[in-house]
Amino acid sequence: MTSPFDSKNRVATLLDRAALCVVLLLLCVLFFYRLWRTSLASLLAGASLFVLVLLTLALFERRTLSLRDRLLRERIGGAIVLDELLLMPAARAAETVCALLADVLSAQTLDGACMRYEGETWLIRCAQCLQGSSASEGDVLAAHRARVEANADKCALVSTGGFSPTAGRAAEWMDPPVRLINGRQLASLAGRLHPATDEEIAAHARRARVPFSFSRIRALALSPAKLQRYLLCAFLLLLLYLVSGSLLTLLSCLLAFVLALLCRQENRRAFRL
């Protein structure tokens, strides 16, 4: 199987390896020549040491590439699991996370997203958050109320994103405390159990080359929340132009005003029942 890291130009790779081999051979020969002061014996011993060093480097490189390949598969596999959890219904997402944690901890799965671990019944809840967002203290309170309703001993709240500071304090304040597992920890656990295949790595690489489509960039740039910001920027730039008289400031002010008009027009056109 070809490693996904083997993407360097072939000519550059050959030149680098040839230069490295020449330097290593000269160093090996010079080492024995300094010891023995004889050319033929130093050449033979240096060539033998050179072959031994090459074999050692080849073995180290193979192990390094294998390790990096496994880590890449685990990282992409974890990211795929997080994306799938984000689009699942809430009950199914909690059951999926419960099954995942049961596999990791060698626990017994029960009905209703519960598992039996070390003689205690754990209720698993999943807060489905977008990347970069955090679960709030409301999610922690909902998880605690669900634990009481399910008559479970403890509760674990898993988030596909992160947790806000208030959520962390609320989890510690509960009795018993709610165990919080953020998206990074969940992706690491899921990646170990479900590493990505070659097809999934190729699909992830294609999406990474074009992370944003034109329609998505347009929707982000002309979102309703940006209208007031564009108008504020245009007003501040106009004040700066009146003070400095810079033509570049005036052009920036006109650009911000045009973006505000486009944003207003786009939101009016996009709204349909």
Side-chain angles (χ1 to χ4, degrees), residues 74-196 200 204 207 211 216 219-220 223-226 228-229 267 270-271 273:
E74 292 180 359
R75 181 174 60 84
I76 297 179
I80 292 174
V81 171
L82 289 184
D83 293 339
E84 293 176 351
L85 287 174
L86 192 61
L87 301 178
M88 287 182 184
R92 184 182 173 188
E95 293 176 356
T96 302
V97 174
C98 180
L100 175 65
L101 294 178
D103 290 340
V104 173
L105 300 173
S106 299
Q108 179 186 0
T109 57
L110 305 175
D111 296 333
C114 295
M115 66 179 185
R116 191 72 177 175
Y117 177 64
E118 292 185 350
E120 295 178 329
T121 302
W122 285 74
L123 174 67
I124 308 301
R125 298 277 293 184
C126 182
Q128 296 164 291
C129 305
L130 292 173
Q131 184 179 5
S133 59
S134 302
S136 63
E137 65 274 16
D139 297 317
V140 177
L141 292 174
H144 178 73
R145 288 192 294 264
R147 181 197 66 82
V148 175
E149 182 179 359
N151 196 22
D153 298 322
K154 293 184 179 181
C155 178
L157 177 60
V158 180
S159 173
T160 56
F163 291 99
S164 63
T166 54
R169 291 192 293 268
E172 296 176 355
W173 179 77
M174 296 298 172
D175 185 25
V178 178
R179 176 71 167 88
L180 301 182
I181 302 175
N182 57 33
R184 182 178 300 177
Q185 295 171 327
L186 179 62
S188 177
L189 296 176
R192 295 175 188 174
L193 294 178
H194 306 287
E200 291 172 340
H204 181 80
R207 291 193 300 268
R216 186 176 180 184
L220 291 175
S223 62
K226 300 293 180 63
Q228 296 181 355
R229 299 176 185 177
N267 294 318
F271 180 73
L273 292 178

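One is the number of the first residue; the rest follow in order along the sequence.
For the atom pair CG (Asn182) and OG (Ser188), the distance works out to 10.0 Å, reported to the nearest 0.5 Å. Interatomic distance, Arg125 CZ to Leu180 CG, rounded to the nearest 0.5 Å: 13.5 Å. Here the straight-line distance linking atom SG of Cys126 with atom CD1 of Ile124 works out to 10.0 Å at 0.5 Å rounding. Of the inter-residue distances, the one linking Leu141 atom CG with Trp173 atom CH2 reads 7.5 Å to the nearest 0.5 angstrom. In this structure, OG1 in Thr121 is found 9.0 Å from CD in Gln108, a value given to the nearest 0.5 Å. Within the model, atoms CE of Met174 and CG of Leu157 stand 10.5 Å from one another, a figure rounded to the nearest 0.5 Å.
Considering every non-hydrogen atom in both Glu120 and Asp153, the closest pair reads CA-OD2, 3.4 Å. Contact detail for Thr109 and Cys98: the closest heavy-atom pair is CG2-O, 4.4 Å. Phe163 and Val158 make their closest contact through CZ-C, 4.4 Å (heavy atoms, listed as atom of the first residue, atom of the second, distance). Here the shortest heavy-atom pairing between His144 and Asp175 reads CE1-O, 3.7 Å. In this structure, Ala190 and Leu100 approach most closely via the heavy-atom pair CB-CD2, 3.8 Å.
Looking only at side-chain heavy atoms (C-beta outward), Leu110 and Met115 stay at 4.5 Å or farther from each other. Proximity of Trp122 to Leu101: side-chain heavy atoms (C-beta onward) are nowhere separated by under 4.5 Å. A 4.5 Å side-chain heavy-atom check between Cys114 and Leu123 finds at least one atom pair inside the cut-off. The shortest distance between side-chain heavy atoms of Leu85 and Leu186 falls below 4.5 Å. Annotation: side chain of Gln185 is not in contact with side chain of Leu189 (no heavy-atom distance under 4.5 Å).
One N or O on the side chain of Ser164 and one on the backbone of Ala135 form a donor-acceptor pair closer than 3.5 Å. Asp139 places a side-chain N or O within 3.5 Å of a backbone atom of Ser136 that can act as its donor or acceptor partner. Thr96 places a side-chain N or O within 3.5 Å of a backbone atom of Arg92 that can act as its donor or acceptor partner. The closest donor-acceptor contact from the side chain of Thr160 to the backbone of Cys129 lies under 3.5 Å. A donor-acceptor pair under 3.5 Å links the side-chain atoms of Arg147 to the main chain of Ala152, judged by distance alone. In this structure, Gln128 contributes its side chain and Met88 its backbone to a donor-acceptor pair below 3.5 Å.
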